[in-house]
Asker: 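Quick one: structure below, then a few questions.
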Amino acid sequence: MTGTMLNSLDLKGRPQDTRIVVAMSGGVDSSATAALLKSEGYDVVGITLQLYDHGAATHRKGACCAGQDIHDARDVAERIGIPHYVLDYENRFRESVIDNFADSYASGETPVPCIECNRSIKFRDLLATARKLGASALATGHYVASRRLSDGSRAMVCAADADRDQSYFLFATTREQLDYLRFPLGDMTKQQTRELARRFGLAVADKHDSQDICFVPTGRYTDIISRLRPNAIEPGDIVDLDGRVIGRHQGIVHFTVGQRRGLGIASDAPLYVVRLAAVGRRVVVGPREALRMDRIVLRDVNWIGDGALDRAVGDGLEIFVRVRSTRAPQPAWLRTTGGGYEVELVAGEEGVSPGQACVFYDAPSGQARVLGGGFIQSATAKSATARAAARDAIARQSLVEAMRG
């Protein structure tokens with residue numbers, strides 16, 4: 001019976017008979033993950049990915065997967081006594097993440113490269129490598145958790161530490177990947193992780209956290225875009241909501257939806273970037289109320305909720321969505337439309353930007369289940385009257401369901 005029991009990672013077998021590959025970035029989170037699993041007796045193998053030319057990033061605060069971080073990961077592996085390998089993924093990272101990042105900005109979007117890195121590099125290429133090494137699972141230091149469902153599959157849920165939750169960046173994880181992935185830090189706080197690293201004597205216990213855009217050595221993403229996509233830096237007009245020219249700009253990549261500062265125009269009232277039009281190179285500005293959007297058209301939708309997506313959506317599925325990593329989930333309807341999917345926000349949301357993710361949850365807070373999500377293709381606003389009617393419809397539907405329950 002011992003061989004069929006579930007261990008601490010919810011896998012069959014004893015830890016010493018279970019090989020686990022840990023993705024080690026050189027930071028405290030992945031280092032603590034490797035040390036914890038090693039202490040529990042697992043056959044741990046550490047892998048660090050070299051994702052870009054690390055020469056310029058060495059010793060730079062916020063660097064990830066390059067330079068000093070690779071050395072830190074190697075030192076941690078030596079300290080806890082596990083084999084450690086560095087894999088050169090520079091070409092794959094450049095093609096899948098950096099090039100897409102530049103193209104997205106050039107088209108007037110605001111991309112989230114960490115999502116693409118997780119989807120295309122860590123949870124696809126690295127996961128395949130872990131399987132080849134005979135590992136039963138790939139473990140990471142992400143702050144998100146997974147739970148076994150009654151049918152044996154796994155669900156992704158938000159981290160116990162809401163301030164560290166990284167579910168927004170992992171919405172594109174597939175069901176098959178979830179079955180193979182493990183997130184040992186999902187039920188810990190950041191402080192507990194650092195204390196764990198200190199207990200294991202890891203030099204990275206107090207190391208700073210990495211920045212989101214790890215491949216920008218100078219901290220100025222426009223430097224990379226101007227080198228890879230020079231046409232994205234061409235000047236154009238700043239126009240108001242009626243299309244009147246009120247200023248000039250030096251490239252739409254310098255702006256994001258919701259931006260107020262640095263517009264370079266004089267106005268009696270505050271103006272915000274409402275929309276970026278790559279065709280024509282126009283930056284559209286307006287008052288803050290013009291930022292509120294109600295309907296979001298999605299692309300590349302990934303569903304990890306129960307059953308098939310179309311069946312789950314039906315005539316409309318009540319969910320909660322997060323449209324920026326720093327925003328709280330808001331009530332919304334998910335619907336099918338014209339062969340695709342769209343989200344109708346009950347109360348609207350400001351600063352909805354194409355290129356960002358719209359992530360689905362089954363609850364507005366706590367360790368809510370992640371149902372999937374998609375990338376924002378476009379967003380539109382509706383009248384205040386229509387917005388109020390949508391809120392009333394949600395309230396009526398919730399009341400009916402409560403009475404039935």
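We use all heavy atoms of the structure for the numbers below, so side chains are in, but hydrogens, waters and symmetry mates are not.
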Asker: Checking the side chain of Arg282 only, and the main-chain atoms of Gly243 only, is there a donor and an acceptor separated by less than 3.5 Å?
Answerer: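 Between the backbone of Gly243 and the side chain of Arg282 there is no qualifying donor-acceptor contact (under 3.5 Å).
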Asker: Any chance CZ of Arg229 has more than 12 other-residue heavy atoms, nucleotides or ligands included, within less than 6.0 Å?
Answerer: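 Yes, the 6.0 Å shell around CZ holds more than 12 heavy atoms from other groups.
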Asker: Using the ring centroid of each side chain, check whether Phe171 and Phe375 are separated by less than 6.0 Å.
Answerer: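 Aromatic pair counts; centres sit under 6.0 Å.
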Asker: Should we say atom CZ of Arg194 is surrounded by more than 12 heavy atoms from elsewhere, each under 6.0 Å from it?
Answerer: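 Counting neighbours around CZ of Arg194, more than 12 heavy atoms of other residues, nucleotides or ligands fall under 6.0 Å, so yes.
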Asker: Assign the ring pair Phe93 / Tyr52 to parallel, tilted or perpendicular, where the plane angle (0 to 90°) is split at 30° and 60°.
Answerer: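 Ring orientation of Phe93 relative to Tyr52: tilted.
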Asker: Can you establish whether the number of heavy atoms outside Arg182 located under 6.0 Å from its atom CZ is more than 12?
Answerer: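 Enclosed: over 12 neighbouring heavy atoms sit under 6.0 Å from CZ of Arg182.
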Asker: More than 12 heavy atoms of other residues, nucleotides or ligands under 6.0 Å from CD of Glu195: is that the case?
Answerer: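 Yes.
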Asker: Tell me whether the count of non-hydrogen atoms from other residues, nucleotides or ligands lying under 6.0 Å of CG in Asp151 goes above 12.
Answerer: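 More than 12 within 6.0 Å, yes.
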Asker: Can you check whether Pro235's main-chain N or O pairs, donor with acceptor, with Arg281's side chain at less than 3.5 Å?
Answerer: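 Yes, because the side chain of Arg281 sits within donor-acceptor range (under 3.5 Å) of the backbone of Pro235.
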Asker: More than 12 heavy atoms of other residues, nucleotides or ligands under 6.0 Å from OH of Tyr85: is that the case?
Answerer: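 No, because the 6.0 Å sphere around OH of Tyr85 holds 12 heavy atoms or fewer from other groups.
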Asker: State whether Asp29 and Arg164 are salt-bridged, where the test is any N-O pair (Lys NZ or Arg NE/NH1/NH2 against Asp/Glu carboxylate O) under 4.0 Å.
Answerer: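 Here Asp29 does not pair with Arg164 in a salt bridge, since their nearest N and O are not under 4.0 Å apart.
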Asker: Does the plane of the ring in Phe360 sit parallel, tilted or perpendicular to the ring in Trp303? Use 30° and 60° as the thresholds.
Answerer: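 Geometry flag for Trp303 against Phe360: tilted rings.
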Asker: Within the distance-only criterion (no hydrogens, no angle test), does the side chain of Ser107 pair as donor or acceptor with the backbone N or O of Ser104 below 3.5 angstrom?
Answerer: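 A pair under 3.5 Å: yes.
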Asker: Go through Asp17 and Lys12 one step at a time and tell me if the salt bridge (Lys or Arg N to Asp or Glu O under 4.0 Å) criterion holds.
Answerer: CA-CA 9 Å; Asp17 299 326; Lys12 293 180 179 180; over 6 Å; no
